[in-house]
> 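Let me begin by handing over the structure; questions about it come next.
So you know, we letter chains A, B, ... as the sequences are listed, proteins then strands, and number each from 1.
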2 protein chains.
Amino acid sequence: MQIAPPDFDRMFGALADHTRRDIVRRAIDSEEGVAELASHYPMSFAAVQKHIAILERAGLVTKHRIGRRKVVRTNVETLRVARRLLDQYEVLWRGRIDRMTQLVTENARERDQ
Amino acid sequence: MQIAPPDFDRMFGALADHTRRDIVRRAIDSEEGVAELASHYPMSFAAVQKHIAILERAGLVTKHRIGRRKVVRTNVETLRVARRLLDQYEVLWRGRIDRMTQLVTENARERDQ
DNA sequence: CATTAATACAACCGTATGGTTGTATTAATG
DNA sequence: CATTAATACAACCATACGGTTGTATTAATG
């Protein structure tokens with residue numbers, strides 16, 4: 001089995017919901033089961049369960065059985081993958097800036113010589 | 001008029017589509033109008049127009065009239081806002097790690113003394 | 001100033017999303 | 001091993017999304 005290529009549609013789609021972002025935040029440093037997580041939100045247990053399923057498909061969280069609960073843990077590596085994509089845009093932006101200043105410098109040299 | 005608070009639902013929602021991410025990428029260092037952008041994708045002009053509208057509502061691009069075209073430009077600052085949110089998760093994660101190593105160290109000291 | 005290139009908008013269609021309630025499965029534990 | 005706490009799944013509903021085609025508006029330019 002190959003490792004799955006990053007699915008940015010799913011990643012960003014999963015992050016595009018306030019409840020899901022809050023679950024990701026909580027699951028970074030707590031060890032809560034599905035029911036415990038659900039208790040924090042003004043919606044049904046099943047709704048939270050679905051949100052967790054979406055986060056799971058996106059690779060943002062994993063579930064691990066502990067006792068009779070299934071504990072939800074955030075997969076920080078996937079968050080980093082998303083962050084790196086945003087970094088790429090920043091790199092492109094810097095490249096553009098560099099090319100612009102390059103041009104200005106060349107023009108100044110031409111003008112001054 | 002107040003400056004709008006960041007709408008992460010819209011931001012990440014806008015980024016959750018391959019075509020839209022590609023538009024963001026292109027609009028970082030090109031100066032293309034809506035029609036020129038549309039020519040790159042295997043879909044109708046109107047579809048691309050809608051994608052751009054979604055990016056615009058999310059604050060990820062802006063449109064500026066140049067001659068008879070309306071040029072689309074990426075708003076890098078909004079990308080940075082999104083990135084900073086992901087950074088926040090990383091900070092939480094580090095905090096957790098720190099607390100864990102803290103605990104281990106304390107236990108070791110107790111055991112050793 | 002009439003033409004037309006460029007963009008905007010409206011209506012429609014199929015499918016996905018976010019929510020609900022109800023039922024089924026699972027596996028720790030008394 | 002029967003109970004039941006915990007989770008999973010199915011069916012349903014309203015609304016949003018991604019796409020289409022067609023029509024309307026706008027404003028630069030010959």
> Any pair with a residue in residues 79-88 of chain B that passes side-chain hydrogen bond (donor to acceptor under 3.5 Å, both in side chains), sequence neighbours left out, goes on the list, sorted by first then second residue, please.
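For residues 79-88 of chain B: R83(A)-D87(B), D87(A)-R83(B), E90(A)-R80(B), E77(B)-R80(B), E77(B)-R84(B), R83(B)-D87(B).
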> Hey, is the main chain of V61(A) close enough, under 3.5 Å, to the side chain of T74(A) for a donor-acceptor pair?
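Not a single qualifying donor-acceptor pair exists.
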> Could you tell me whether R73(A) and E31(A) make a salt bridge, using a distance below 4.0 angstrom between a side-chain N and a carboxylate O?
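Yes, charged N to carboxylate O under 4.0 Å.
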> Going 5' to 3' along DNA chain D, which are the first and last nucleotides with any atom under 4.0 Å from a heavy atom of chain A?
dA5(D) to dC9(D)
> To check you understand the geometry: which heavy-atom pair defines the closest contact between T78(B) and G59(B), and what is its length?
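So the minimum-distance heavy-atom pair works out to OG1-O, 2.6 Å.
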> Which pair of non-hydrogen atoms, one from M11(A) and one from A58(A), has the smallest distance, and what is that distance?
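Taking every non-hydrogen atom into account, CG-O, 3.9 Å.
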> Considering every strand and a 4.0 Å limit on heavy-atom distances, what is the contact class for R68(A): base, sugar-phosphate, or nothing?
base
> Could you report the tightest heavy-atom contact between E36(B) and S39(B), atom names first, then the distance?
O-OG, 2.6 Å
> What heavy-atom pair brings A82(A) and F12(A) nearest, and what distance separates the two atoms?
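Minimum heavy-atom separation between A82(A) and F12(A): O-CZ, 4.0 Å.
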> Which heavy atom of I52(A) sits nearest to which heavy atom of V34(A), and what is that distance?
CD1-CG1, 3.9 Å
> Give, ordered by number, those residues of residues 43-57 of chain B having at least one heavy-atom distance below 4.0 Å to an atom of DNA chain D; if nothing qualifies, reply none.
M43(B), S44(B), A46(B), A47(B), K50(B), H51(B), I54(B)
> Out of curiosity, L60(A) CG to R20(A) CZ, how far, rounded to the nearest 0.5 Å?
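Reported to 0.5 Å precision, the distance equals 9.5 Å.
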> Within the 4.0 Å heavy-atom criterion, would you say G13(A) contacts the bases, only the backbone, or no part of the nucleic acid?
nothing
> So does D22(A) pair up with R26(A), basic N to acidic O under 4.0 Å?
yes
> Between R65(A) and R20(A), just flag the one whose closest nucleotide in DNA chain C comes earlier from the 5' side.
R20(A)
> What pairs meet the salt bridge (Lys or Arg N to Asp or Glu O under 4.0 Å) rule with one or both residues in residues 46-62 of chain A, with sequence neighbours excluded?
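For residues 46-62 of chain A, and leaving out neighbouring residues, the salt bridge (Lys or Arg N to Asp or Glu O under 4.0 Å) pairs sorted by first residue read E56(A)-K63(A).
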> Would the distance check show the side chain of R65(B) and the main-chain N or O of K70(B) forming a donor-acceptor pair, the cut-off being under 3.5 Å?
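Flag not set: sc R65(B) to bb K70(B) has no pair under 3.5 Å.
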> Which atom pairs link the protein and nucleotides 13-15 of chain C when you take only N or O atoms and keep those under 3.5 Å?
none

> Considering all heavy atoms of both residues, which atom of L55(A) and which atom of A14(A) are nearest to each other, and what is their separation?
CD2-CB, 4.0 Å
> Which ranges of DNA chain D pair up as stems, where a stem means three or more consecutive Watson-Crick or G-U pairs with both distances under 3.5 Å?
C:1-30 with D:1-30
